[in-house]
Amino acid sequence: VVVGVRMWRHSSEHMKWNGTGSTAHFQEIVLERCYNYAVQPELRDRDCQKIREAFRNAFISKDPCSATEEDYHPLMKLVDLTVPCDKTVFWSKTKELAHQYTKVRQEMFTLEDTLLGYIADDLNWCGDAGSNEMNYQSCPHWKKDCSNNFVSVFWDLVSKRFAENACGVVQVVLNGSISNAFDRKSTFGRVEVHNLNPTKVHTLQAWVIHDLGKFPSDSCSGSSINDLRWIIMQRNIKFTCQDNYSSGKFLQCVKKPEDSSCR
Ligand SMILES: Nc1nc2c(c(=O)[nH]1)N1CN2[C@@H]2O[C@H](COP(=O)(O)OP(=O)(O)OC[C@H]3O[C@@H]1[C@H](O)[C@@H]3O)[C@@H](O)[C@H]2O
């Protein structure tokens, strides 16, 4: 009975938040994804154990509404978010299409195609100040509880670093099937656009892609894209835009650019 009561009291110690709890088996998933990523075999054992520990230590035993970028600095020191010039792909409201793109064009990289983005994608994590356990019951919701939670701060930080490291011609896949393909409040609009380095990035190429069989709701001449064009040109970066693509045609043309219907 004592063990039962202690266990019960222990699990009820966690705060009740409005967001879903930490992903089950979080630590094992982080380690396994690290091993799966194309890390050089001789490095991966040492590095993956360290990455798992540094990731956990960033948030465990801390108030989950007190996250800061500094909490992640030991983890950021272990990974590199740099990709080759002309190979960076940002996205906004087009996650699946952007990943289909980089699956077809393996030399292109979304944040998800870097080690840290690949490890963290679709996971949720938080702890509690009064415990060294993860909270699997609930975690802060970025709107209903607090924006400085560990997941939101993580994605803003890695998105910022990913944008800072970009060079040459960078691309962004935007959703032409919603009214505002570009949204200043999105991570792309709030973080990545403002962290591109104009001395390294000379052009931002936007793709405004609409869903197959639907009329486009936004286009390169729409007000939201004109807003993006203005912001980018203010930053002394060239802006180009393509909008006569449905998602199917976009994937077909990135696979075979020489196809006559793709010019
Ligand atoms: N699993 C990933 N999540 C996120 C990435 C990312 O690369 N991977 N993010 C952000 N992000 C999280 O996704 C939603 C918003 O998406 P959504 O509203 O669809 O688009 P965002 O522009 O906010 O964010 C996409 C943009 O930021 C990076 C990625 O490099 C793209 O260029 C919000 O919770 C962000 O914190």
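Basis for what follows: all heavy atoms, side chains included, without hydrogens, waters or symmetry-related copies. Counting convention: from 1, in listed order, for ligands and their atoms alike.
- An N or O contact shorter than 3.5 Å links E192 to ligand 1 by distance.
- Nearest non-hydrogen protein atom to atom 8 (N) of ligand 1 is E112 OE2, 2.2 Å.
- Checking only distances, K93 does come within under 3.5 Å of ligand 1, N or O to N or O.
- Counting heavy atoms closer than 4.0 Å to ligand 1, residue S92 contributes atoms from both its backbone and its side chain.
- Aromatic ring orientation, W125 versus F154: perpendicular (interplanar angle above 60°, classes split at 30° and 60°).
- By the 3.5 Å distance cut-off applied to N or O atoms, D122 is not counted among the residues near ligand 1.
- Shortest contact from atom 26 (C) of ligand 1 to any protein heavy atom: W91 O, 3.1 Å.
- For atom 15 (C) of ligand 1, the closest non-hydrogen atom of the protein is T187 OG1, 4.2 Å.
- Within a 4.0 Å radius of atom 24 (O) of ligand 1, the protein contributes at least one heavy atom.
- For the pair K249 and Y245, the distance from NZ or CZ to the six-membered ring centre is under 6.0 Å and the angle to the ring normal is within 45 degrees.
- The distance from ligand 1 to the heavy atoms of L111 drops below 4.0 Å at these ligand atoms: 7 (O), 30 (O).
- Residue-to-ligand polar distances place F188 within reach of ligand 1: an N/O pair is separated by less than 3.5 Å.
- Within a 4.0 Å radius of atom 31 (C) of ligand 1, the protein has at least one heavy atom.
- Below 3.5 Å of separation, one finds no N or O of W155 facing any N or O of ligand 1.
- Ring geometry, F90 versus F188: the interplanar angle falls from 30° to 60°, so the pair is classed tilted.
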